[in-house]
Amino acid sequence: MQEIIDAHVHLSERRDDALNRFARMNGLRYTLDELLGTMRRYKIVRGLLLSPPLVGGVPLPNDQVIRLCRRSGGMLVPVITVEPTAKEVKAAVKLAEENRREVKGFKVRLGYVMALAESPVFDKLYDYAESERLPVLFHTGDTAFSTGDLSRSHPLTLDGLANKREEMTIILCHFGNPWFEDVAELIYKHPNVYADIAGLITGGAYAEKYAEWLAKNISEAIYYAAGAEKIIFGTDYPVTTHSETLALVKRLEVDERDKEKILWRNAERVFGL
Ligand SMILES: [Zn+2]
């Protein structure tokens, strides 16, 4: 039976969640009940829960992410968001140690925080991630707000880190959109670099043409990398809906076995699910 893993989900159930406007745009209630119901409907067996940004820019505290995962009865598993200060790095590692069996990775919000991926402030985080074999997800490419910093979220800013940290699994969120070719090269070049396809769909004029363009870019990245071993499915709920992101996978001009890798096999292996 086809199962699916969604490696990029947000949720808070808070009114000050900055993603509420995306939920409204997509006609979503953006609640735990709705999310779990939709996951079951689409046979999504697991979701990796990442902190959403709150109004004002700070991420939802990680302990609340862990609490929501506990309420999900095992369907959601936590990824710890790490901000670029020594204090936050220390707290993130401590939280991961205290919840060792639950935590499946870390996330760094490149483009939203004033730090590059290679900033020494993250050294202790990367040491821990490497030693525990926990992947580190990086926001890459376009930012959800016009105040984002593209010079720090560009996917090529991860090349140096991937060279230095060959044992650390690096996941580039959003396929570096719109720098698909750069990400194709990174996943081809580095055995430890992966990319997710979360949060790429947007509505508006030319939505259909844009969806075609996305599918073409991702398909071509797969041809360039000679396979889909490095590509991971994610919705970025509530930024995109489950049906839209699944439709994107369906559109890819690759064989069914590669789609299966994207939909769950790669995530299962990389996150040890
Ligand atoms: Zn996201």
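Both ligands and their constituent atoms are indexed starting at 1 by order of listing.
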K.L.:
Work out how many protein N, O or S atoms lie closer to the Zn ion (ligand 1) than 2.8 Å.
P.N.:
3
K.L.:
Just by distance, do the side chain of Thr240 and the backbone of Asp236 share a donor-acceptor pair under 3.5 Å?
P.N.:
no
K.L.:
Could you tell me if the side chain of Phe175 sits less than 4.5 Å from the side chain of Leu214, heavy atoms only?
P.N.:
no
K.L.:
What I want to find out is whether Glu268 reaches Arg265 closely enough, with some N-O distance under 4.0 Å, to be called a salt bridge.
P.N.:
no
K.L.:
When you check the side-chain N and O atoms of Glu244 and Thr241, is any donor under 3.5 Å from an acceptor?
P.N.:
yes
K.L.:
Are Asp6 and Tyr42 linked by a side-chain donor-acceptor pair shorter than 3.5 Å?
P.N.:
no
K.L.:
Quick check: does any side chain N or O of Asn20 sit under 3.5 Å from a backbone N or O of Asp17, one acting as donor and the other as acceptor?
P.N.:
yes
